Amino acid sequence: MPDHDAFMRAALEEARKGFDAGEVPVGAVVTLGDRIIGRGFNQPIGRTDPTAHAEIVALRDAAAAVGNYRLIGTTLYATIEPCLMCVGAMVHARVETLVFGAAEPKAGAVVSMMRALDHPALNHRIAMVEGVREADCRAIIQEFFALKRSGL
């Protein structure tokens, strides 16, 4: 059984990097077995790239690590519920399991705004675990936006 808590802590470390860089603090890691093969944090501002979400960055890192865009048998840990773009990338990469911390009521495409993983036309199914370290994952986002609203 994978240690979801430990891997989500690693994703939270990535989110902190995004926070420190002034990006919306979402972090992600991709695991294969008991090791992390990909890491990422939100970087669309820094990279001037609208696709540089934490999940996409982590998937790219993992694909480079294994030398294949198919990430069979992997688990993606994301601090926040992924958007539709990131769900699509996970399907194309053939991620086996998605684990996320907190729901994203405005753009979440797994349980909040839509249930993209349940679409009948998908040719790949991804297992899902939600709510791992949910309070911690929510807290870093809330802290970030509270600072933004206060003008800091």
Side-chain angles (χ1 to χ4, degrees), residues 2-19 21 23-33 35-142 144-145:
D3 187 350
H4 293 323
D5 190 71
F7 290 130
M8 190 59 76
R9 279 194 313 272
L12 281 161
E13 290 171 13
E14 293 299 312
R16 179 55 62 182
K17 292 176 187 176
F19 187 105
E23 303 272 3
V24 174
V26 177
V29 297
V30 177
T31 63
L32 183 58
R35 65 188 180 97
I36 295 172
I37 61 168
R39 295 175 180 272
F41 60 90
N42 266 4
Q43 301 173 56
I45 298 166
R47 289 190 179 188
T48 318
D49 178 356
T51 70
H53 289 195
E55 301 91 333
I56 303 290
V57 174
L59 289 169
R60 289 174 178 159
D61 192 38
V66 299
N68 194 334
Y69 76 103
R70 297 282 196 216
L71 299 171
I72 307 298
T74 60
T75 299
L76 188 143
Y77 291 83
T79 56
I80 300 297
E81 176 186 2
C83 72
L84 188 56
M85 174 184 69
C86 292
V87 169
M90 287 184 286
V91 169
H92 285 289
R94 303 297 191 263
V95 168
E96 183 175 306
T97 305
L98 164 66
V99 179
F100 70 89
E104 209 301 41
K106 293 182 181 175
V110 180
V111 298
S112 295
M113 291 303 294
M114 63 184 72
R115 299 188 69 86
L117 292 177
D118 296 336
H119 196 284
L122 292 180
N123 63 346
H124 174 70
R125 298 287 169 210
I126 298 174
M128 191 251 322
V129 177
E130 62 181 299
V132 176
R133 298 191 69 89
E134 181 176 3
D136 295 332
C137 294
R138 183 178 294 111
I140 191 169
I141 289 281
Q142 290 175 336
F144 178 81
F145 284 111

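Not measured: the values here are computed from a predicted model.
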Subject >> Results of side chain to side chain contact (heavy atoms under 4.5 Å, CB included) for Ile45 - residues two or more places apart only >> reply: Glu23
Subject >> Donor-acceptor pair, side chain of Asn42 and main chain of Gly18, under 3.5 angstrom >> reply: no
Subject >> Residues forming a salt bridge (charged side-chain N to carboxylate O under 4.0 Å, His left out) with Glu14, sequence neighbours excluded >> reply: Lys17, Arg39
Original post:
Which heavy-atom pair separates Pro50 from Pro44 by the least distance, and what is that distance?
Top reply: CA-CB, 4.3 Å
**OP:** Could you list all the salt bridge (charged side-chain N to carboxylate O under 4.0 Å, His left out) pairs where at least one residue sits in residues 95-124, not counting sequence neighbours?
**Re:** Arg115-Asp118
**OP:** Would you mind reporting whether Val66 and Ile37 have side-chain heavy atoms less than 4.5 Å apart?
**Re:** yes
**OP:** Flag yes if more than 12 heavy atoms outside Arg125 fall under 6.0 Å of its CZ atom; otherwise flag no.
**Re:** yes
Subject >> Test side chain to side chain contact (heavy atoms under 4.5 Å, CB included) applied to Asp49 - qualifying residues, sequence neighbours left out >> reply: Arg47, Thr51, Ala52, Arg60
Original post:
Heavy-atom count around Met113 CE within 6.0 Å, excluding the residue itself: above 12?
Top reply: no
**OP:** Verify side-chain contact (heavy atoms from CB on, under 4.5 Å) between Val87 and Val110, making sure each step is shown before the conclusion.
**Re:** CA-CA 8 Å; Val87 169; Val110 180; 3.8 Å; yes
Subject >> Pairs where residues 46-99 contributes a residue and the test ring-ring contact (aromatic ring centres under 6.0 Å, His included) is met, not counting sequence neighbours >> reply: His4-Tyr77, Phe7-Tyr77
Table please: side-chain donor-acceptor pairs of residues 129-139 below 3.5 Å, with sequence neighbours left out.
residue	atom	partner	partner atom	Å
Arg133	NE	Asp136	OD2	3.1
Arg133	NH1	Asp5	OD1	2.9
Arg133	NH1	Asp5	OD2	3.3
Arg133	NH2	Asp136	OD2	2.5
Glu134	OE2	Arg138	NH2	2.7

Subject >> Approximate separation, where rounding is to 0.5 Å, of Leu71 CG and Leu32 CG >> reply: 8.5 Å
Subject >> Contacts of Arg16 that satisfy salt bridge (charged side-chain N to carboxylate O under 4.0 Å, His left out) - sequence neighbours left out >> reply: Glu143
**OP:** Answer yes or no: is there a donor N or O on one side and an acceptor on the other, between the side chain of Thr75 and the main chain of Leu98, under 3.5 Å?
**Re:** no
Subject >> Within-4.5 Å side-chain heavy-atom neighbours: Val30 and Leu59 >> reply: yes
Original post:
Under 4.5 Å between any side-chain heavy atoms of Thr31 and Pro2, yes or no?
Top reply: no
**OP:** Return each pair, listed once, that meets ring-ring contact (aromatic ring centres under 6.0 Å, His included) where at least one residue sits in residues 93-140; pairs must be two or more places apart or across chains.
**Re:** none
Subject >> Smallest separation among heavy atoms of Ala15 and Pro25, with atom names >> reply: O-CB, 3.4 Å
**OP:** Return yes if some donor-acceptor pair links the side-chain N/O of Glu81 with the main-chain N/O of Ser112 below 3.5 Å, else return no.
**Re:** yes
Original post:
Who pairs with Ala127 by side chain to side chain contact (heavy atoms under 4.5 Å, CB included), at least two apart in sequence or on another chain?
Top reply: Thr97
**OP:** Applying side chain to side chain contact (heavy atoms under 4.5 Å, CB included), name anything that partners Ala6, two or more places apart in sequence or on another chain.
**Re:** Asp3, Arg9
Original post:
To the nearest 0.5 Å, how far apart are CG in Leu76 and CD1 in Ile126?
Top reply: 8.5 Å
Subject >> Which atom of Gly38 lies closest to which atom of Asp61, heavy atoms considered >> reply: CA-OD2, 3.3 Å
**OP:** Would you check if Val91 and Asn123 make a side-chain contact, meaning some heavy-atom pair closer than 4.5 Å?
**Re:** yes
Subject >> Verdict with reasoning, Phe19 to Ile140, per side-chain contact (heavy atoms from CB on, under 4.5 Å) >> reply: CA-CA 8 Å; Phe19 187 105; Ile140 191 169; 4.0 Å; yes
**OP:** Specify the closest pair of heavy atoms between Ala103 and Pro105, including all atoms of both residues, with the distance to one decimal.
**Re:** O-CD, 3.6 Å
